[in-house]
Colleague: 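Sharing a structure with you now.
Just so it is clear, the values below take in all heavy atoms, side chains as well, and ignore hydrogens, waters and symmetry mates.
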Amino acid sequence: MKTAVIYSGQARTFKKLIWNHHWHVLRKLENPVIYVSVAKDEQAEDMRALAELRYPLHIEYVDQPEI
């Protein structure tokens with residue numbers, strides 16, 4: 001069975017948390033497919049670390065509106 005994992009919003013501290021997510025959640029799922037919709041900012045590329053862990057990854061970068 002496949003599981004879809006969705007990350008959305010801002011990447012912020014994801015680079016520091018990826019190993020925690022991997023160990024406690026992702027590695028326990030059978031064939032997870034990861035979907036990311038993240039704000040286009042300095043940390044957005046940090047989400048690509050999921051692909052380095054060999055998870056199927058689909059990324060969408062979103063421009064944040066000016067308020």
Side-chain angles (χ1 to χ4, degrees):
M1 178 172 81
K2 288 189 178 185
T3 302
V5 178
I6 302 171
Y7 290 96
S8 73
Q10 296 179 335
R12 294 187 186 174
T13 59
F14 185 76
K15 191 173 186 175
K16 295 179 183 179
L17 300 174
I18 186 171
W19 295 108
N20 190 359
H21 286 226
H22 168 68
W23 184 257
H24 291 288
V25 179
L26 300 174
R27 73 179 180 96
K28 297 177 182 180
L29 300 173
E30 184 179 334
N31 302 320
V33 178
I34 300 174
Y35 296 90
V36 177
S37 178
V38 66
K40 191 186 303 181
D41 60 15
E42 301 83 38
Q43 294 87 17
E45 288 298 317
D46 292 347
M47 302 303 285
R48 292 214 175 272
L50 291 162
E52 294 171 11
L53 293 173
R54 306 227 188 265
Y55 293 114
L57 180 64
H58 306 277
I59 298 181
E60 170 189 54
Y61 297 104
V62 179
D63 290 317
Q64 293 294 299
E66 292 293 324
I67 297 178

Colleague: Once rounded to the nearest 0.5 Å, what's the spacing between atom CG of D46 and atom CZ of R48?
Modeller: 11.5 Å
Colleague: Show the numbers, then the answer: is there a side-chain contact (heavy atoms from CB on, under 4.5 Å) between K40 and V62?
Modeller: CA-CA 5 Å; K40 191 186 303 181; V62 179; over 6 Å; no
Colleague: Mind checking whether L53 and I59 sit in one hydrophobic cluster, side chains of I, L, V, M, F, W, Y counted as touching below 4.5 Å?
Modeller: yes
Colleague: Return the CD1 to CE distance between I18 and M47, rounded to the nearest 0.5 Å.
Modeller: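 I18 atom CD1 to M47 atom CE measures 8.0 Å (nearest 0.5 Å).
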Colleague: Between L50 and V36, is any pair of side-chain heavy atoms under 4.5 Å apart?
Modeller: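 Contact flag for L50/V36 side chains = yes.
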Colleague: Which residue pairs pass the side chain to side chain donor-acceptor pair (under 3.5 Å) test when at least one of the two sits in residues 25-38, sequence neighbours left out?
Modeller: S37-E60
Colleague: Would you check if L26 and I34 make a side-chain contact, meaning some heavy-atom pair closer than 4.5 Å?
Modeller: yes
Colleague: Which heavy atom of P32 sits nearest a heavy atom of P56, and at what distance?
Modeller: O-CD, 3.3 Å
Colleague: Any heavy-atom pair between the side chains of L29 and V5 that's under 4.5 Å?
Modeller: yes
Colleague: Drop me the distance from E45's CD to K15's NZ, to the nearest 0.5 angstrom.
Modeller: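 E45 atom CD to K15 atom NZ measures 11.0 Å (nearest 0.5 Å).
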Colleague: Please say yes or no: joined through hydrophobic side-chain contacts below 4.5 Å, possibly via intermediate residues, are L57 and L17 part of one cluster?
Modeller: no
Colleague: If I compare all heavy atoms of R12 with all of Q43, which pair ends up nearest, and what's the gap?
Modeller: O-CG, 3.5 Å
Colleague: Applying ring-ring contact (aromatic ring centres under 6.0 Å, His included), can you list everything that pairs with F14, at least two apart in sequence or on another chain?
Modeller: Y7, H21
